Protein chains: 2
Amino acid sequence: MEITIGELSKRTGVLATTVRYYEDVGLMPAPPRTAGGRRSYGTAHVARLAFIRHARQLGFEVDAIRELLALNARPDLPCAEVDVIARRHLAEVDGRIERLTALRSELSRMVDECGHGRVGECRVIEVLSDHGECLGHDH
Amino acid sequence: MEITIGELSKRTGVLATTVRYYEDVGLMPAPPRTAGGRRSYGTAHVARLAFIRHARQLGFEVDAIRELLALNARPDLPCAEVDVIARRHLAEVDGRIERLTALRSELSRMVDECGHGRVGECRVIEVLSDHGECLGHDH
DNA sequence: CTTAACTCCTCCAGTGGCTGGAGGAGCAAG
DNA sequence: CTTGCTCCTCCAGCCACTGGAGGAGTTAAG
């Protein structure tokens, strides 16, 4: 099976330009070329790119994906490291959710208090102008 | 009151480099300069920068802040537009939280199922390799 | 008055993770 | 043979900064 970058793109949902970018940054290997100089991919490339795409969709950073790919290539190793990477990422996602939730409550309080009058008396503007108006001062 | 960019930075918690950046992109006005060519700020600048900083902390994009600042300068206008910007942003934050929460559950399921054996049998790697393993297929 | 330490100045490059365009060449169908 | 598509490389831009180089102004101590 020899497919073009366009076909690879269709099968994985990753843009051809992004595939070339992944090659540049070392996530994807440089594939063999046809006589005309075009990239020629096989099933292994499809699987690897699907892995990368899925990991990106789950929010893993490119560096983490590099580590995961390296581990994936060594199935005999204990998977403790994989676990560490995934848990680290989970903790980061938890942190992001927490921060966004706090922010959301600040925002919604702000919006609720807007009396729909003039800008001069708008609570949204007031709250933005004065951090002291916030319930949580941590942001 | 005439303060330097460093003092402005201290009072607002915004880096001096970032203040100059805000000037470049038109969020902050170009202030008067001293004889030696240094920027000289006053109380209005401090207030404006505090407003910007707070809005950024609440996740407003620079474009939205530009709009909010323009509205802030027109206290006689009805605050409907302010409301629209804030609600739009709130909706976006809600969307982000939703997506992150879905992602979090996928991640935590993945981590929970890891049997701490070899990479070859690791569920984390398997799930990443096969999108079909996910409960939510929307990401 | 000099010197050292500090802040400030401008300009430019880099971050992450792509995305898009210019300008040119390969390739399949009519 | 030509049309239209895909592909190639290289480079610039996105967002919102951040940091460094290299130079000049400023302040306090000696």
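Bear in mind that the values here come from a model prediction, so they are computed numbers and not experimental data. So you know, we letter chains A, B, ... as the sequences are listed, proteins then strands, and number each from 1.
- Atom CG of A:L27 is separated from atom C1' of C:dC18 by 12 Å (rounded to the nearest Å).
- Of the two residues contacting DNA chain D, namely B:G36 and B:E61, the nearest-nucleotide position lying further toward the 5' end is that of B:E61.
- D:dA12 atom P lies 17 Å from atom OH of A:Y21, rounded to whole Å.
- The interatomic distance linking A:R56 (CZ) with C:dT19 (C1') rounds to 14 Å, in whole Å.
- For B:R53 and D:dC17, the shortest distance from a side-chain N or O to OP1 or OP2 is not below 4.0 Å.
- Between B:T18 and the phosphate of D:dA16, there is no side-chain N or O to OP1/OP2 separation shorter than 4.0 Å.
- Contact annotation for A:R20: base contact, defined as any heavy-atom pair under 4.0 Å involving a base atom.
- Listed pair A:T4 / D:dC7 meets the phosphate criterion, a side-chain N or O lying under 4.0 Å from OP1 or OP2.
- When heavy atoms are screened at a 4.0 angstrom cut-off, B:Y22 is found touching the sugar-phosphate backbone but no base atom.
- At a threshold of 4.5 Å between non-hydrogen side-chain atoms, the residues A:L103 and A:E106 do not count as touching.
- The B:V62 side chain lies nearest to D:dC17 when the options are D:dC17, C:dT19, D:dG19.
- If you take CG of A:D24 and P of D:dC8, they are 12 Å apart, rounded to a whole angstrom.
- For D:dT9, one of the phosphate oxygens OP1 or OP2 lies less than 4.0 angstrom from a side-chain nitrogen or oxygen of A:R33.
- Between A:S9 and A:V14, the closest side-chain pair of non-hydrogen atoms is not below 4.5 Å.
- One interatomic measurement links the two molecules: CD of B:Q57 to P of D:dC17, which rounds to 11 Å at whole-angstrom precision.
- We find that CD of A:E2 is positioned 13 Å from P of C:dC27, with the value rounded to whole Å.
- Between the CZ atom of B:R66 and the P atom of D:dA16 there is a distance of 9 Å, rounded to whole Å.
- The residue among B:T17 and B:T34 whose nearest nucleotide of DNA chain D lies closer to the 5′ end is B:T17.
- We find that CG of A:L49 is positioned 14 Å from C1' of C:dC18, with the value rounded to whole Å.
- Inter-residue side-chain proximity for B:V119 and A:D76 is flagged as unmet; no heavy-atom pair is nearer than 4.5 Å.
- Inter-residue side-chain proximity for B:V46 and B:Y41 is flagged as unmet; no heavy-atom pair is nearer than 4.5 Å.
- Within the 4.5 Å cutoff, side-chain heavy atoms of A:I85 are placed close to those of A:F60.
- Judged by atom type and distance alone, B:R38 does not reach the base of D:dT26 through any side-chain donor-acceptor pair under 3.5 Å.
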